[in-house]
Amino acid sequence: VQLQASGGGLVQAGGSLRLSCGASGRTFSSSAMGWFRQAPGKEREFVAGITRSGETTYYEGSVKGRFTISRDNAKNTVYLQMNSLKPEDTAVYYCAAPPHSSDYYSLPTRSSEYTYWGQGTQVTVSS
């Protein structure tokens, strides 16, 4: 499975960005997908996840209500819409896929549950 993330950049606090992650190498609609982030000096943390159908989503507490994860299975792409960005959102953002096809309701939230990772895209929020 190959993942290619894009859409990062520099934005002022309160602004918005939309990250995209294109996938290839597996039937995209068979797997849950996740977004993680890693700030300098910190561990990688879960940001958002979505089931294979897109029916169910889950968010880390600090981004809930500001970020929205979605997917377009016809385009093999998962998105992360980020609104009301804060300086503490500054990090490298990674999309990830689990090692195998997912059960319908599966939504992994731990990095150890994911095997395939995109290359990361930098998001910098200035105050």
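Side-chain atoms are counted along with the backbone in the values below, which use heavy atoms only and exclude waters and symmetry mates.
- In this structure, Thr77 and Lys75 approach most closely via the heavy-atom pair OG1-O, 2.8 Å.
- Nearest approach of Asp72 to Phe28, heavy atoms of both residues: O-CE2, 4.0 Å.
- Nearest heavy-atom pair across Ser31 and Ser102 is CA-OG, 3.5 Å.
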What do the steps show when you test Trp117 against Arg44 for side chain to side chain contact (heavy atoms under 4.5 Å, CB included), and what is the final call?
CA-CA 12 Å; Trp117 297 85; Arg44 189 172 297 188; 3.1 Å; yes
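- Aromatic pair Phe36/Tyr114: ring centres closer than 6.0 Å.
- Inspection of the Gln122 and Thr124 side chains reveals an N or O donor paired with an N or O acceptor under 3.5 Å.
- Nearest heavy atom pair, residue Ala91 against residue Arg37, reads CB-CB, 3.8 Å.
- Following chains of ILVMFWY side-chain contacts shorter than 4.5 Å, one cannot reach Val92 starting from Met82, and the two form parts of different hydrophobic clusters.
- A donor-acceptor pair is defined here as one N or O able to donate and one able to accept, closer than 3.5 Å; no such pair exists between the side chain of Arg52 and the backbone of Ser106.
- Taking CD1 from Ile69 and CD from Gln81, the interatomic distance works out to 12.0 Å, rounded to the nearest 0.5 Å.
- A donor-acceptor contact shorter than 3.5 Å is absent between the side chain of Tyr104 and the backbone of Ser53.
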Validation: residues 7-25 side-chain donor-acceptor distances under 3.5 Å, sequence neighbours left out:
unit_1	atom_1	unit_2	atom_2	d
Ser16	OG	Asn83	OD1	2.9
Ser24	OG	Gln2	OE1	3.2

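- In this structure, Leu80 CG and Met33 CE are separated by 11.5 Å, a value rounded to the nearest 0.5 Å.
- Note that the NE2 atom of His100 and the OG1 atom of Thr115 stand 7.0 Å from one another [nearest 0.5 Å].
- A distance-only check finds a donor-acceptor pair linking the side chain of Thr51 to the backbone of Thr56 [under 3.5 Å].
- Residues forming a salt bridge (Lys or Arg N to Asp or Glu O under 4.0 Å) with Arg66 (at least two apart in sequence, or on another chain): Asp89.
- A continuous path of hydrophobic side-chain contacts links Tyr116 to Ile50 [ILVMFWY only; heavy atoms under 4.5 Å].
- The shortest non-hydrogen separation linking Ser70 to Val78 is O-CG2, 3.1 Å.
- More than 12 heavy atoms of other shown residues, nucleotides or ligands fall within 6.0 angstrom of atom OH in Tyr59.
- Using a 4.5 Å cut-off between side-chain heavy atoms of Ile, Leu, Val, Met, Phe, Trp and Tyr, with links allowed through other members, Val125 and Val63 fall into the same hydrophobic cluster.
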Test side chain to side chain contact (heavy atoms under 4.5 Å, CB included) on Leu3 and Tyr94; report intermediate values, then the result.
CA-CA 9 Å; Leu3 303 174; Tyr94 300 89; over 6 Å; no
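- The minimum heavy-atom distance between Ser30 and Thr27, with the atom names listed, is OG-O, 2.6 Å.
- The aromatic rings of Phe67 and Tyr93 sit tilted relative to each other, their planes meeting at an angle between 30° and 60°.
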